[in-house]
> 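Below is a structure I'd like to ask you about.
Just so it is clear: chains get the letters A, B, ... in the order the sequence lines come, proteins before strands, and each one is counted from 1.
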2 protein chains.
Amino acid sequence: MDADRWMGLDLRHLVALKTISDEGSFGKAAGALGYTQSAVSQQIATLERIVGLRLIERPGGPRPISLTEAGTILLRHAEAIQARLLAAKADMLALEAGDAGRLRVGTFQSVGARVLPTLLRRFTETHPGVEIVLRESVNEEELLEMVERGELDVTFWTLPVETGPYEWSELLTDPYVLVVPAGSPLAALKRTPTLKEISLQPLVGFSYCAAMNHVESQLAASGRTPNVVFRSDNNGTVQGLVGAGVGVSVSPLLTVDEGDADVVVIDLLGRIPPRVIGLVWHRDRHRSPAAEAFVETARAVCGELAAERTAA
Amino acid sequence: MDADRWMGLDLRHLVALKTISDEGSFGKAAGALGYTQSAVSQQIATLERIVGLRLIERPGGPRPISLTEAGTILLRHAEAIQARLLAAKADMLALEAGDAGRLRVGTFQSVGARVLPTLLRRFTETHPGVEIVLRESVNEEELLEMVERGELDVTFWTLPVETGPYEWSELLTDPYVLVVPAGSPLAALKRTPTLKEISLQPLVGFSYCAAMNHVESQLAASGRTPNVVFRSDNNGTVQGLVGAGVGVSVSPLLTVDEGDADVVVIDLLGRIPPRVIGLVWHRDRHRSPAAEAFVETARAVCGELAAERTAA
DNA sequence: AGTCTTCGATCATGGACGCTGATCGCTGGA
DNA sequence: TCCAGCGATCAGCGTCCATGATCGAAGACT
C-alpha cells in the first residue's frame, strides 16, 4: 500500500520542512510555527516515513542541519504547493469580498497619464458592470508584490518581469527621448546627441523610479556621471523645469507632453534601450473574464497608440 | 485568525472535492474513496468552513449537485496541487529506486534508427556514470502518458505536444520525402510530383504511427484516397518493398536509408508539412543534471544533423 | 579533562478531531 | 401517497498528534 502512505501526507509536514529549511534548525522552526521541538521532530519523522527517504541530514550536536538531495527536491515541490495554496486562498478571499465584479489594477505614473484614460473609458463602456479599483504606487516593486499577495488582480509593469509566479502580456515599447528647452543648442543640433553630450548637461530627473534608474545607469555607462540638478515625482513638474531652462531631461516618451511649445523633444534613436510596458498577473490565480477583457482592451489601446506613433 | 483556518486545510478535503466533482454525488464519492457518505459530508462541511464559502450547490432530494463558482475555482487549484503532489511522489520513488544515475528515455522507431546511435555514443562518452534506459514504444501516445506518470524522465515526441504538464525542446524538423523504386517514372520526372499524383500510386506505408496518419490525411486532402497496398512497422521492410517495386512510400526523411541504390528519394519540398521532433519532459518533476545534459546533447547532435542536410 | 550548551530523538499521556453508523429531512417520481 | 435517493446531523468511539520531560550526542569553553 504505497499509495496509502502518501494519502497520509499532511500539509503541515511540508510547511514544517520549509520552515526548517528557512530557519536552519528544528527548534527555531518549532518556535516559528508555534509548536514544540518535539512536534516538529515527529512531523519530519512521519514525513520521512511517508516518502521513504531521509530528507534532512542531522549531524548531531550543535552542528547545523542540511537537506539531503531528496529533501531539496521535495522542498521545491512543497514550495510550489504552498504557493498554489496561497493563490487559492487569495481567490477565495476575493470571492468572499464580492470581487466578482471588481478588478484591482496597479499602475505607475508614466502609464497613468497617457494610456489609462483611453483604456478606462473604453473598458467601462464595454464592461459597465465591472468596478475598476486603481492603485498607483510610487514604489514600483510594491506592485509586483501586491500581485503575488493577491491584493491586485493585474498590474502595469516594465518588462521583463523578474522570476516569480507571474504571467504577462506585452503592451507597447516606449522609447526614451531627450527633452530640452526650446532654445537649447542641443535642439539646433542636426544629429542625435550622444549620451556623453547629454551627460554634460544639467539634468532634471524623476525621484524614485525604475525608468530613471535605467536612464542614469545608461548615461553613467557612457563615461561621465550625469549631473542631476533637480528631481521630481511629477511628469509635469519635470517638463516645466526643462521648459524653464533649468536643464534637460531624458524621459520615456509616454511621460512627455508633446504639445508643450517650451520644450523640444528629440528622438534618441534607441541610444537608450526603450522600456517595454506590459500587464502582469499572477500565474496561479483565477483570471476572471473581466481581467482577460481588460488585458485585451489594453493591448488594443496600446496597439493603436503605437500605430499613431509610427504614422506620425 | 483567518490564517489559522487555512492551516487546518487537509489534502483529503481537496481530494474529496475532486472526487465529488468527478462522481457527481457525495455518496458515490464516498464509495470511491472508501469512506462513509457521512464522512465526505463532514469533509466538505469543514472545507467550506475553512474557505468561508459554499463550494457545492446541493439542491436537495435526488437532484444532482453542482459546483459553485468558488468550488470550480478551488477545484482547479486542487487539481494542480494533486498533480504537483504526484510529481513529488514520482521524484521520491525515483530517488528511492536509486535513479540518481539513471535516465529513462522514450523513443519511437524513426528517431531510434538515425539520431539515437550518435546521441547515445556522445552522451555516454561525456557522462559515463549515467545509465540510459531506452523504452521504445509502438504506440506513441503511451510515451507521453508514461512521462506524466513519472515512468519516463524524458521522451522523444512529434511536436506540438498536447496540453498537459509538459515542457519540451525542439530538436529538428524532419521533412517528408517520397521514396520510389529506382526505375519509377516518378523518379524521371523533372518536377516535384503533386500529392494527387502520389495518391494514384500504390503506397507502402507504416502500420500504426502518428507520422503515417499525418501522411495519409494529407494525401486524402488532395482529393483521392491513397491506395495502401502494404503496411509494416519496420523502416527497412517498407523501403525494401519500395525497392522491390511493390509501391512508393512517403516517409519522414529520418526513416530513409539514403544509401539504398534500389530506391530514389524525392524531396517533396514541403508539400506535406514537415514534422518537428522534440524532447518532452514533465514540467513539475525534478530535472537531474543528467537529464538536462541529455537534452543539450540531443540538441547539439540534431543541430549538426540539420547542418549536414542543408550542406548536402 | 571536565562541564556546559545546543540540538534532535524518544516516550507516555492527554486531548482533539475525524470516521462510523443510525437517523432525519427533503424532494421528485411511481 | 408512498418510496427511493441524497445529504445533514448527532453521539460515540478510535486514532493520531502535540505536549513536556528526559536522554544522547557532539562541539565549545575553561
> Under the criterion side chain to side chain contact (heavy atoms under 4.5 Å, CB included), I'd like the reasoning laid out for W6(A) against K89(B): C-alpha separation, chi angles, the key distance, then a yes or no.
CA-CA 8 Å; W6(A) 281 81; K89(B) 183 177 171 182; 3.4 Å; yes
> Of all nucleotides in DNA chain C that come within under 4.0 Å of a heavy atom of chain B, which is furthest toward the 5' end and which toward the 3' end?
dG18(C) to dG28(C)
> Any Lys/Arg nitrogen of K18(A) or E79(A) sitting under 4.0 Å from an Asp/Glu carboxylate oxygen of the other?
yes
> Are the aromatic ring centres of F123(A) and F294(A) under 6.0 angstrom apart?
yes
> Does E296(A) come within less than 4.0 Å of R122(A), counting only side-chain N to carboxylate O?
no
> Check the pair F108(A), E142(A) against side chain to side chain contact (heavy atoms under 4.5 Å, CB included), reporting the backbone distance first and the verdict last.
CA-CA 11 Å; F108(A) 42 92; E142(A) 193 188 14; over 6 Å; no
> Using a 4.5 Å cut-off on heavy atoms from C-beta on, say whether the side chain of E167(A) contacts that of V280(A).
no
> Any chance you could lay out the side chain to side chain contact (heavy atoms under 4.5 Å, CB included) test for V105(A) and D153(A), step after step, and finish with the verdict?
CA-CA 6 Å; V105(A) 181; D153(A) 299 309; over 6 Å; no
> So if I define the base as every atom that isn't primed, P, OP1 or OP2, how would nucleotides 15-26 of chain D read as a B/S/- string at a heavy-atom cutoff under 4.0 Å?
--SSBBB---BB
